[in-house]
Amino acid sequence: MSDLITIIVDGREVQVPPRTQLIEALRHYAKVETPAFCYHEDLKVAGNCRICLIEFEGPRGWQLGISCHMQTAPNLKVRTQMSSQGVIKARKGVMEFLLVNHPLDCPVCDKAGECTLQEHYMGQGRHESRLNDAVGKAYKGGADHRFIDGKGDDRGGKRIDLGSTIILDQERCIACTRCVRFMDDVAKDHQLEIAGRGEHAYITTFPGKPLEHAYDLNVTDVCPVGALTGKHFRFQQRVWFLKSVESIDPSDALGANITIDYSMTGGEHGKVWRLMPRRNVAVNKSWIANRTRMLYQQLAVNRLTDAKVAGADASLEGAIAKTAAVIGSAKRIALVASGHSTLEDNAALLALADILGARAEVFSGSWLAVGKADGIALSGDPVANRAGLTEIGLGDNLDALVNRAGEFDALITLQDLWGADAAKAAALAVIPNRIALASWQDATVAQATIALGVRCWAEARGTMINSQGRVQVLNACPVMADPQLDPAWAILARLAGLGWTSELDALKAAQTRAPRLVGLSYRAIGPQGHVLAPVAVAVGA
Ligand code: SF4
């Protein structure tokens, strides 16, 4: 606390960190909600929208200033909308200017319900319209503002196809430059720019160039209005019908934080409509890769919603009984853990191995190639819970299983071995009983003598440890491919004869193998994750 300084907000002393953007200090320390369009906590300050105006006492007395650009300094005196009619009037003026050329097409706009312009009109605007109906609004989407440029490209106007992922509705743009700054400073690829001057200014790509980037859909998140919309979600669902659960990217070891946005309508058992980035400054800030965002499209496709025995469809109950019989009679059983599964699933696999005793041997690791981190929201390692496997004492010994496959008469795998490396996995075909627990009908299911359908990453609560050593929670979305499916940990615990009734039992089992996890509950881990304490290294080790 000694590092804090005092500023005076609406006559009240407030302790804030020094050299902090005033808008952040007002929001988080003075608890005064301050509107913004161009300001974004994870982008450089631009200071062009002016809606965050406050009054501060400067050398010429009280004057207006923009709180996104100003920084806190000792004894800075500030008036907000809570004490100044001048601030209220100035913000109303800003709103009126912004709305002069913004269409009132909220009923058909995809951003309605999460549009900052709508929110701030209710909070800061509420002005009477002074527009002349006889003249009307000069929409940039109108015929006058659509034109073919010197290179033959369609510019300005309505429904511009910006690239493979995004549509631009030019008339809704308020020229905040958030999208430009995202592409410049985060994606580091200058693909968007504001062209033109004054009321003719418009957002555009460079002549003849589309907007194409592995992260370009983040511009639809930062766009405070409905100017930039993703083709995948445009006109699919009204956002006020959606509920969210917090989860993480299960396809990469950074575990970018996301929300799963769903509704219980739209499919037999509900539907997941989109994945959105969830802010975690230490992990992915406010960004996710397009690749992560599109994972929702696989949730209801090619699922293994029942079981297969010898390649034929079978009931889950019957296949579990057959699996129990195989386990009961097998002499040597190889159990393969998975870095794509949660700690809970892997702890259940280890618990089953304990019950089987000397007949069982556990293998772990992955044959998938590890790429490079992109510095935004992907680590490059496709094995999301690799650190979790290490934490519960599992090493990388999959190749040993290939070399010794002939020793085993049963294989139980949590991971898609044939999908990762079919050439290596081919050696496992000598194992007569191959049992796969899988969410999708993948390459390993095709090779399995028994395949058991289980819930996927979005359907069961569990934990993973990311590449930074941060334990993170995947919460269960109530939308299921089939509600009869159980999580993998539940089937494994059942096969082991354990009386586990919830994922908490599985988490506790993981804690018995990982001292650093002891004491953690899902609540204690929290939405931002829990960083594990560094492992003490013995001197001389
Ligand atoms: S398109 Fe959206 S994010 Fe880009 S400048 Fe316009 S309002 Fe801002």
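As the structure lists them, so they are numbered: ligands from 1, and atoms in each ligand from 1.
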Participant: Could you tell me, atom by atom, which parts of ligand 1 come under 4.0 Å of a heavy atom of Val225?
Facilitator: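 Per the distance check, 7 (S).
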Participant: Nearest 0.5 Å, what's the OG-CZ distance between Ser67 and Arg27?
Facilitator: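 Those atoms lie 8.0 Å apart.
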Participant: Just by distance, no angles: are the side chains of Asp261 and Thr259 close enough, under 3.5 Å, to form a donor-acceptor pair?
Facilitator: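 Yes, a side-chain donor-acceptor pair sits under 3.5 Å.
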Participant: Decide whether Ser341 and Gln415 meet the rule of one side-chain donor and one side-chain acceptor closer than 3.5 Å.
Facilitator: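 There is no such pair between these side chains.
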Participant: Does one side chain, of Asp482 or Thr305, offer a donor that lies under 3.5 Å from an acceptor on the other?
Facilitator: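 No, Thr305 and Asp482 have no side-chain donor paired with an acceptor closer than 3.5 Å.
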Participant: Leu299 and Ala458: which non-hydrogen atoms are nearest, and at how many Å?
Facilitator: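 Smallest heavy-atom distance, with atoms named: CD2-CB, 3.9 Å.
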Participant: Return the closest protein heavy atom for atom 7 (S) of ligand 1 as residue, atom name and distance.
Facilitator: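 For this ligand atom, the closest protein heavy atom is Ile174 N, 3.4 Å.
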Participant: Hey, which protein N/O/S atoms does atom 4 (Fe) of ligand 1 have under 2.8 Å?
Facilitator: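 Listed by chain and number, the atoms are Cys179 SG.
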Participant: Assess, by modelled atom type and distance only, whether the side chains of Thr177 and Asn48 contain a donor and an acceptor separated by less than 3.5 Å.
Facilitator: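 Side-chain D/A pair, Thr177 to Asn48: present.
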Participant: Checking Gln63 against Glu55: is there a side-chain donor and acceptor pair closer than 3.5 Å?
Facilitator: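 Per modelled atom types, Glu55 and Gln63 side chains form no pair under 3.5 Å.
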